[in-house]
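Report on the following structure.
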Amino acid sequence: MKKYNEMSRAELLDLKKQLDQEFEEIKAAGIKLDMSRGKPAAVQLDMAEGLLTAVSKSEDCFAEDGMDCRNYGGLTGIPEARKLMGDILEVDASQIILFGNASLTIMFDTISRAFTHGFLGNTPWGKLDQVKFLCPVPGYDRHFGITEYFGVEMINVPMLETGPDMDMVEKMVSSDPAIKGIWCVPKYSNPQGITYSDETVRRFAALKPAAPDFRIFWDNAYCIHHLYEEPEKQDRLLNIITACEEAGNPDMVFEFASTSKVSLAGGGISCIAASPANIEEIRKHMNYQIISHDKINQLRHARFYRNIEGVMAHMMKHAAIMRPKFEIVLDMLEKELGGLGIGSWRKPYGGYFISFDAMPGCAKAIVAKAKEAGLVMTGAGAAYPYHKDPQDSNIRIAPSLPTPEELAEAAKIFVLSVKLVSVETLLAE
Ligand code: PLP
């Protein structure tokens with residue numbers, strides 16, 4: 001097949017006629033599918049059924065230190081669940097605080113605390129004229145939503161195969177004291193599935209920020225979300241907490257994680273990992289917020305998974321469900337769009353998404369076209385601050401929720417929408 005941009009006008013018109021017909025047929029099938037968010041499928045949630053009965057009697061409700069999990073107390077979490085989350089992040093349990101069912105709340109709360117109280121004695125951000133954040137793009141829409149909500153000025157930083165463009169990060173962070181933070185999804189990033197290289201992590205740890213209270217928001221949401229069992233197909237990420245300690249910047253990073261996509265997406269446990277000084281400050285702040293989080297749920301998680309080996313074995317069950325879904329989409333992209341010059345994508349080894357880059361100016365139209373045929377995708381531009389993709393090119397594909405059969409249909413609608421919009425764009429040029 002010829003590249004689309006090498007076709008004559010007559011060839012493009014012919015192709016459009018044929019694609020229009022195919023599109024009408026697929027539209028007539030009346031498909032209704034929502035692929036807008038990276039939700040786990042019900043079969044994945046079923047795998048955590050044992051959680052529902054892991055604590056079933058009053059006598060089961062005691063943590064390993066004897067604490068009665070039914071009662072108040074244990075602000076930072078029960079020891080066995082702190083250890084479990086610490087092992088997931090490769091951080092000592094003493095540097096972990098457990099929160100409720102969503103890591104997003106911790107991130108929101110951390111930014112909120114910076115605005116009202118400041119970090120470690122620094123001026124609260126709310127008293128400053130200007131607060132800026134670096135936002136690697138494409139990135140996670142809800143991160144950008146939090147900083148937008150607090151009126152932070154967000155600056156796009158391009159993602160490279162090795163992580164964010166560190167030349168740009170270093171230059172900006174060291175020269176502008178208004179830059180107070182950066183959002184990072186360092187492993188199997190949302191949406192590209194990129195894992196930061198060792199050099200990127202070391203450069204992060206060695207940053208010399210102009211702002212003394214600059215913080216790296218290291219959202220390691222997908223740290224154990226491999227798609228493959230083979231070690232050579234599992235990405236590795238350097239430990240940022242250790243790297244920052246070694247670089248003499250122990251307080252510069254907050255790391256976040258949860259079991260939302262390990263156990264239950266509405267009923268997991270979440271945590272922050274940080275330096276002893278940061279942990280102490282967070283603990284003091286929490287004292288005003290809450291007496292203790294849901295320790296029964298912490299206990300359920302510790303009992304159900306037992307240890308890190310139990311968690312990793314569970315993740316391989318997720319992989320067995322997710323991998324074929326990724327492969328359905330990737331095979332369809334390759335088969336239908338490979339070599340046409342109208343889109344590019346990455347084949348990730350983990351995470352929850354496939355990131356697709358259409359010809360500039362096409363993403364919104366492709367998402368709208370797919371919707372016409374019953375397929376709801378994540379809104380184009382969602383992966384950028386202020387929902388503005390400067391190229392109007394990026395589309396996030398979330399393969400987790402539909403069944404494999406539904407996904408095959410969805411992928412057909414998607415590639416057809418890409419082809420049609422690309423032809424129309426070239427004809428309009
Ligand atoms: N962080 C990233 C990068 C995500 O993609 C998601 C969910 O899609 C979350 C955080 C949400 O995590 P939680 O459910 O713990 O708030």
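Both ligands and their constituent atoms are indexed starting at 1 by order of listing.
An N or O contact shorter than 3.5 Å links Ser103 to ligand 1 by distance. The shortest N or O to N or O distance between Ser270 and ligand 1 is not under 3.5 Å. Taking any N or O of Leu104, backbone or side chain, at least one lies under 3.5 Å from an N or O belonging to ligand 1. On a distance-only criterion, Lys261 and ligand 1 share at least one N/O pair closer than 3.5 Å. When only interatomic distances are considered, the shortest N/O to N/O separation between Ser260 and ligand 1 falls below 3.5 Å.
The atoms of ligand 1 that sit less than 4.0 Å from any heavy atom of Ala221 are 1 (N), 2 (C), 3 (C). Near Ser258, meaning under 4.0 Å from one of its heavy atoms, ligand 1 places the atoms 13 (P), 15 (O). Near Val185, with a cut-off below 4.0 Å to any heavy atom, the atoms of ligand 1 are 3 (C). Every atom of ligand 1 is numbered from 1 in the order shown, and the set under 4.0 Å from a heavy atom of Asp219 is 1 (N), 2 (C), 3 (C), 10 (C).
Note that Lys261 lies in the cation-pi zone of Tyr352, set by a 6.0 Å cut-off to the ring centre and a 45° limit from the axis. A cation-pi arrangement is found for Lys369 relative to Phe23, the charged atom lying closer than 6.0 Å to the ring centre and inside a 45° cone about the ring normal.
Contact annotation: the side chain of Ile395 never approaches that of Thr378 to less than 4.5 Å [non-hydrogen atoms, C-beta and beyond].
Taking atom 5 (O) of ligand 1 as the reference point, the nearest protein heavy-atom neighbour is Tyr222 OH, 2.6 Å. Protein heavy atom in closest approach to atom 9 (C) of ligand 1: Tyr140 OH, 3.3 Å.
In summary, the side chains of Asn394 and Asp357 do present a donor paired with an acceptor at a separation below 3.5 Å, with no hydrogens or angles considered. Residues Ser355 and Arg396 bring no donor and acceptor atom of their side chains to less than 3.5 Å of each other.
Contacts between Phe256 and ligand 1, counted as non-hydrogen atom pairs separated by less than 4.0 Å, are absent for every part of the residue.
Closest approach of Ala48 to Ser263, counting heavy atoms only: CB-O, 3.9 Å. Closest of all the heavy-atom pairs between Gly267 and His301 is O-CE1, 3.5 Å.
Ring orientation note: the planes of Tyr222 and His225 are nearly perpendicular, at an angle over 60° on the 30°/60° scale.
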